[in-house]
Every structure is written in C-alpha cells, then in structure tokens.
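Remarks on the structure that follows.
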Amino acid sequence: MDYNFQEIEKKWQAYWAEHHTFETKNNSDKPKYYVLDMFPYPSGAGLHVGHPLGYIASDIYSRYKRLKGFNVLHPMGYDAFGLPAEQYAIQTGQHPAVTTAKNISRYRQQMDRIGFSYDWSREVRTCDPSYYKWTQWAFLKMFQHWYNPQTQKAEPIETLVEKFRKEGKWDNLSEKEQADLLMNYRIAYLGETAVNWCPALGTVLANDEVKEGLSVRGGFPVEQKKMRQWQLRVSAYAERLLEGLDELDWTDSLKEMQRNWIGKSQGAEVVFHVVNGDKEYDVTIFTTRADTLFGVTFMVLAPESEWVEKLTSPQQKQTVEEYLAAAKKKTERERIAETRKVTGVFSGSYGINPVTGEKVPVWISEYVLAGYGTGAIMAVPAHDSRDYAFARTFNLPVVPLIEGCDVSNESFDAKEGIMTNSGFLNGMTVKEAIPAAIEYVEKMGIGHRKVNYRLRDAIFSRQRYWGEPFPICYKDGIATALPFEELPLELPEVDKFLPTESGEPPLARAKGWEYKGYPIERSTMPGFAGSSAYYLRYMDPKNDEALVDKDVNAYWRNVDLYIGGTEHATGHLIYSRFWNKFLYDLGYVCEQEPFKKLINQGMIQGRSNFVYRIKNTNTFVSLGLKDKYDTTEIHVDVNIVHNDRLDLEAFRRWMPDFATAEFILEDGEYICGAAVEKMSKSMFNVVNPDMVCERYGADTLRMYEMFLGPLEQSKPWDTKGIDGVHRFLRKLWKMFFDGDTFSVSEEKATPQELKALHKLIGKAQSDIENFSFNTTVSAFMIAVGDLSDLKCNKREILEPLVIVLSPYAPHIAEELWSLLGHEETITYARFPEYVEAYTVENNVTYPVQFNGKMKFTVDMPKSYSREEVEAAIRADAGTAKYLQGAAIKKVIVVPGKIINIVC
RNA sequence: GCCCAGAUGGCGGAAUCGGUAGACGCGCUGGUCUCAAACACCAGUGGCCGCGAGGCUGUGCCGGUUCGACCCCGGCUCUGGGUACCA
C-alpha cells in the first residue's frame, strides 16, 4: 500500500477538529506548560513557507510536552489592527474589517492544512470589541495610576492627590490646574514632545516604528514635530525592565538589544551659571564624565532646547534664528545623512565653569539632542570626539586632562590614565576620579548623582482609523476617562478612511462621536496596544468580567516558551513586559515577567530564479550561455522552475508577453540563474505552504522546514532536499507493510533493534528539549534506516517509534497508530521511556556486540609505549571484559585519563 | 564608530564535556531493475599521492596553551544582525 499523504492528512485533520482533540482545560492534575507563538498580522498575501517555521517548532514542542504528560496551552490568534488593511481601505473603500476577516479565514485554512495542534476555541482577534474591551480597560487603568518612585510601583492616582493635599499643593488649584498637574504623573498621559511625524501615513509613530528616518511600514520619510499626544510612561519602568532581563531565559543578543534600547548610563547633573548680558540663569547639564569638568571649554544647547531663547544675546539673535530655521526644515533622514557634518552658532552668552570659575561660551548645535539628558551639555573637546570635532571647526580651546595623552589630531575618549590639569583630581586614575568628582559636586551643592535612560515614553496615539478607540472624552478641555461600564467603546463607522480636509484624524468624520455631549478622543491606539497582553487573554478568552480570572492566571502564570522573530526586540517585547509589570503592580497578574523562555526563529529568505532575455528580442538564453549575448535579467516565478530548470511550456503560459518566447538551451534544458533575496511577491520567489502540502504533504513540509538548519538561523528556502525527507516518510510507511497488507509482528525485539530504537528516543528527547529540531530529523532517518536494514516490523519497536515521531509528523503517526489498533488519538500517548542500557556499548546489564570506539579510564603505565598501554588495558578487568580479546587497532592515551580504543 | 553573533566538503548542515572532523540529507559518479524513463535499491564521494594496502593534508588567516583544539586564549580578515551624534 502506498503512502497516501493527501488522504491521511485530510482524514486526521477532520478527526482532530471533530473530537476537539487540542482543546485545553484551565485546570488539571497535570503540570501546566504554556507554548506561545507570536500571532501574525493577517496580510492579504497569505502565508508563505517562511511564516510556519516558528509555528512548526512550537507545535512540535507542544505535542512533545503533551506526550510527556503536561497540560499544554497552545493557542493562536490574530494581530488584526494595522496599517496595511487601512491603506487598502483608503484605496478601495473596502472596510478594513471586511478585508481583515477575509485574510484571517485564508490564514486559518493555510494553518489547518499544516496540522497544528492549536486550541482554536481560545482564538483572539485584537480587532474584536470583546477583545479590545480589555485593551481599553488596561489603558484606563494606566490613566488612573501613577508611578511612585518611592515604592517603585504603580499606585492609584488618588494616593498622589492625597500627597499633594498634604503638601498643600492641591486645594488652591483650579479644576483645570489639578487636571494638568496629574497629567504629568499618570502612566497613560497626554503630553507634548517631539514625535516622529510621518506625513505620508498621516500619523505619528513610536521610535521602534522608525528605522533610519523611514517608517517601518511603507518606508515613508519621517520628521520630528512637537505635538501633544497620548503617551505611556514606559520610562518609569526602565530600571525594572533592565533588572528583569537577568532572570529570563532569552538569548544574550536579544537581552543585549533590550539593554542598549533601555540605555542606562550613570553620571551626574551639574549646574552651570550662565550670564546673558544682565540676566543670569542656572543651566543643568548631564554628564557621565564628571572627572573632566576641568576641561570644559564651552557649552552646547540642542536647537530645540528651551534655554535657546533665554540665552541668545540680542547681537546673535538673527544668526541663531536662521540656524534654528534651517535645522527645523530638515527631515530626520537628512539629519542622519548629514551626521558628522559639524554645524552650530554662538548664542552670545557665557557660562561659568563651576570648578575653575572660567568663562565658557554657550553654543547651539544639532549634535546635541533635545530628548536626552537635559538637552544641554558641557563640552570637553579633549576627551569627547564630538566635542573635539566641534572645537576644531569653531576654533575653541582644547584642554587635555590626562597625563601623556595626545590631542593634536583626535580626542582621547578612553576612560583610562592619570588625571592632570584637574585640581584636586590630579594624580588619580580616571576610574577613581569619576566618583570623586561627583562627590565633590554634591558637596559643593552644584549638582548631584543621576542615572539617565535612553528609553523614551511610548507615543500611544495614531491619527488613523483602524485601531482601538480611546475611552476618553473631553469635558471643557479636560481629558476624562469613560466609565468602565461603557467598554468596549466600539469603533464608529465613517464615510471615508482618510483624514478630514482640516487634517483631523478619520474618527472626526464619525457622526455623534461623543459621550454625553462631550467629544471623544479622535486618535486610535497603535498596533502594539493589542499585542501587549494577548498572552493573558488566551488563558481566559471568553471572560467578560476580567481580562483574565485570578485563579486561571494563577494556574497558567506566564508563557513558558515563546517563539517569534527578533524584529520585535525593541517594540512588542518591551511593551509587553512593561504592560505585564504594570498589571502585576495592580495585582491582576501573578508574574513579573510575561515570557520565561524566548526563542527567535530565523527568517526564511526567498530563492529567486532568473531568465535572461536577449535585448530587443523575445529569445531567452540559458545561464551557461548568457555571457555570449547582451541580455536583461528577469525574475521568473520559482513555481515554474524545478532544480533551476525552467518548465518552458509553463513559462510561455505564465505571461502573455512570453507566449511566443524562443529559447537557446544547453544540453536540451534551460538553466535559470538564482539568488537569495527577501521572499516577496515582486520577486516571484514566494512559495506557499499549500503548494508544498499539495505535492509532498504537511508531514514532509513540517519535517523539511525543521531539517533545513538550526531554528534560530536565517536560511533560504530551497526545495532541493525535500525529496530526501519525503523519501524517509515513505520508507517508514513501508516498514509497516508487507506488499499491500499491514503487517506487524508480535515477536520480541532483538538487542540491535532495541539499540536503534533507544538511540532515537534518547536523541529525540534531548534534541527537542534543546530546540535542536534539525538533528532530530537526522536521528529519525538513521533509526528508520537501521531498522529497515534489520527488516524490523515488530510492534515492540514500531509502536514507540511512531509516538516519538508524532510531534514532527502527526498525520502519518496517527494513521499508523490507528492501524496498530489504537482507538484513542496518539496526542496523549506516553512518550516512551529511554533506556540507556540498550544504547551504551559498555553497559554491564546489557552488553551489546563491541565494535568501534570506547572510552575507558584505566591506570596508566609509566611510559606510553604501545606494548605497555595495551598491557594496561588488558590488565584492567572491566575493560578487558568488553574487549573480549578483540585486536586493538589504535589507542589514544591521556596521562591517567582517557583512552579511545579502536578495534 | 560601538555592541552582538557567526565562518566546517560542490550545497544545507552534524560533532552533547577538549578525544577517530564531515553524522544526516541534497547533489554528483558507477551499478542493479526497465525496451526506455521515472521510482526503488546497492556502492563510492573533503583534497592530494597510490592499482592497492596505505600515506600526507584538512574546520576563514596568524600565533599560543595542551599528549591531543572546529571547540580554550591572544591578534587579524570577512559575513550577518542591532544601534547610531545618548554627552
């Protein structure tokens, strides 16, 4: 009987759905295990073979854990709000909800075909009102809480009011003043800052949504603009987000990325007295190098700094204004392109160096950022390369502070050496001088120790339609929370998805978008809002009373294994951790960290194929001959190319232009060129999982994707090896059949058979636990190879073999399992016990035929001569027992330690 | 520039603790089956020398530690990823 994967896979997928095989209960005697995939954004293009890579790995792990006796939570859902659906809606008028639903059903179909063991009864969609009710709920909680730096946690805003009242800073304020005051403390707050404004998308974006001055979605230019926006006070949690990393089982590189993004730096704030004509001000700067105070020869303000206006002298006013205007006009991208180009103007005022008393000029330059520190710096050109470049351009003095350093051509940035020219710091090393200087500054009352973080608060409003509405209305201009009973505040209908003519967000088009006569906020929430707590909602997806029931949360706790791409390192994975910590502070969740172990699967790149058209003709020349002609390289659909050989007929049918194509072949074939590129529609290199399932079956697809290489590594999709994996499954199938009859013997297994089986069990177990899925596939191939060489068809061997295989190839495993006479699904079978005795050559209880290599520890003779060593081996009773007189071909000796013996 | 990761046959990749490098798969070569092809099966396959037994050489480059190094240490080169005037 042939291995009919089509039929088998259809049959078992239907069986699983009908029997709710993968539905999970919220209570069980079994230990819990939570395996989560990063849920996908359902795009119009559908899944390509790259998407399921992580899903297959997590599915294997889930199925493995079930076999090991765990109650496994393995859910899936959709990150369904987002820009592409809305851009599509703008172009076509089609409601984003409609396209999203359509895309979701296609995704579901594709995923079902791969045989995932998701508990679909727990599916969530971030755009469902019953789901975003809890996104809005969390937002309101953030609005109603503040971060108390004393207790290091979120507390109700009322405790802050109480504090102000006690300090006498409350009752004398007007209602508006009170609201404004609290806004400075709320965890979700309205605040004015420089934001990333993307004119093409008509919205602001968070820092992680911008890369190299372009929007991540769409690649449109982004500019800096001061705007009043909703923000989340993520920065308040900076220290806890940083500390929490230590206990997580994530890769070092990912933790490092988060550490850099949080960007903790320890230093001091120092006050400089600044004189502008007859006016005097105290300007605070931040530095990590307080030890270099004696080398300060000028100061610099960011162009956007509030000090600029106050510190510009009348004489310099015009020059400064021109400079500011020019700086303002530049887009973010232009600024990046012009990095290292030194620009700046003198403000006209002078600061006083607090340690030397010297007058230092105050300059204004783009190289100082308004958003970091205080937006003002002390410049030490001798020991900072940026200050150095500035000083050389504008002829400012350079005062070296470290013995023997040469600053004639470049600054000396290293934090090492002995201080000089530095008053009381002279003679100290830099490492001693930094704390000493800070201490001095504190004692003199001119500054204090300060820790700075690079991590910014998250901009939380988007001037878009397809997102969660804010449950906020404005009473006489005061932002006010809607009562919880009003949630979910559903997204209203609009006639068009574009901004209004006056530049208001699309929600301004919604009729009656108000609460009890008060206008409701018109922005919507960003993509990361819905994805920040979805892992909690899966625990209790139907609960209408709470995001997640307390007891249910206490059972599932947090995610044990999370699999997804690195691209979320500084976005979702930070926001989610922040969101979770906030809910933890409020007592809604029982764990500080949401994701215990995280694995980043690599990307599967596309492998594009090319044909070469001779210019101005419709003739195509094969790869090997193309250099003889003047040709144009054209991407050709990889689905009509097999092993780089073009299907000529399919090519003629592919596009009308090519219907009359002529070919110049080599050896009767057309060989295509190839290159590794991103998998995308425009390069015609997209391979759909459906195509692979059609041709080889889901089990082959699953095993092949794992076989491709280490999970974490990026690699191109290449179908070259897929036949080998398919061949393996057919070989396995054949072991159960004698001709067309299913034939399994009840005979007792031989030692060799047991050895082959247990080598597999041991290897599969440790490989799966180490997420080394590719080598497990090899282990399967070896075991099946060995067993078919032994013509093994014994139940005692084949039954455990099928169980071990089932996480990888669940359909064929179920079929064989049922043919073996089991009525229950294999999903909850017991993973076979690994018996080391069967596999270890020198095991006492079960000695197997000795041939090959062994490692022994024996007492070593004084010399390493062959005779003496061999004599020592044979003298060792335990070793000799297994040698059984076999000739020793080769011996590798370590003094008193290890011997490798080849017989 | 800074931080992180990596480099192994024609290709994807193994090597769990420092112990026979190249498992497994692909590809290729030869063979069996077939009228033929496909499928399947068997044998070979890092390089060099040799009919052969076998020998030499070999994990990006240079050096070190060790009886022994893909693995540990020092210095480079290259590739991938992150980040970028963060004071």
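Naming convention: chains lettered A, B, ... in sequence-line order (proteins, then strands); numbering from 1 in each chain.
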Starting at [atom1] of [X] and ending at [atom2] of [N], how long is that distance when rounded to a whole Å?
| X | N | atom1 | atom2 | result |
| --- | --- | --- | --- | --- |
| A:Arg730 | B:rA38 | CZ | P | 14 Å |
| A:Phe298 | B:rA87 | CZ | P | 16 Å |
| A:Arg454 | B:rC2 | CZ | P | 17 Å |
| A:Ile782 | B:rG25 | CD1 | P | 7 Å |
| A:Tyr372 | B:rA84 | OH | C1' | 13 Å |
| A:Glu366 | B:rC85 | CD | P | 11 Å |
| A:His726 | B:rC26 | NE2 | C1' | 16 Å |
| A:Lys415 | B:rA87 | NZ | P | 8 Å |

Please tell me whether [X] and [Y] form a close aromatic pair, meaning their ring centres lie under 6.0 Å apart.
| X | Y | result |
| --- | --- | --- |
| A:Phe5 | A:His726 | yes |
| A:Phe298 | A:Phe390 | yes |
| A:Tyr704 | A:Trp717 | yes |

salt_bridge([X], [Y]) N-O dist < 4.0 Å:
| X | Y | value |
| --- | --- | --- |
| A:Asp246 | A:Arg259 | yes |
| A:Lys264 | A:Glu239 | yes |
| A:Arg727 | A:Asp723 | no |

Using the [atom1] atom on both, measure [N] against [M] and round to a whole Å.
| N | M | atom1 | value |
| --- | --- | --- | --- |
| B:rC39 | B:rG22 | C1' | 30 Å |
| B:rC67 | B:rG12 | C1' | 36 Å |
| B:rC71 | B:rG19 | P | 11 Å |
| B:rC72 | B:rC24 | P | 26 Å |
| B:rA21 | B:rG13 | C1' | 13 Å |
| B:rG46 | B:rA37 | C1' | 33 Å |
| B:rC70 | B:rG9 | P | 14 Å |
| B:rC85 | B:rG80 | C1' | 25 Å |

[N] phosphate, OP1 or OP2, under 4.0 Å from [X] side-chain N/O:
| X | N | result |
| --- | --- | --- |
| A:Arg727 | B:rC39 | no |
| A:Ser385 | B:rC85 | no |
| A:Tyr367 | B:rA87 | no |

Residue pair [X] / [Y], side-chain donor-acceptor N/O under 3.5 Å:
| X | Y | answer |
| --- | --- | --- |
| A:Thr566 | A:Asn600 | no |
| A:Asp413 | A:Tyr388 | no |
| A:Ser772 | A:Thr775 | yes |

When both hydrogen-bonding distances must be under 3.5 Å and the geometry is Watson-Crick or G-U wobble, what is [N] paired with, if anything?
| N | result |
| --- | --- |
| B:rG18 | none |
| B:rG74 | B:rC62 |
| B:rU79 | B:rA5 |
| B:rU29 | B:rA43 |
| B:rU34 | none |

With a 4.0 Å cut-off on heavy atoms, is A:Arg607 in touch with a base, just the backbone sugar-phosphate, or nothing at all? nothing
Under a 4.0 Å heavy-atom criterion, the protein footprint on nucleotides 3-16 of chain B, written with B, S and -, is SS-------BSS-B
If the glycosidic angle sits within 90 degrees of zero it is syn, else anti. Tell me which applies to B:rC17. syn
Specify the glycosidic conformation (syn or anti) of B:rG9, with syn defined as within 90° of 0. syn
Could you check which of B:rC24, B:rC85, B:rC42 has an atom nearest any side-chain atom of A:Met781? B:rC24
5' precedence on RNA chain B between A:Val725 and A:Gly263 (nearest-nucleotide basis): A:Val725
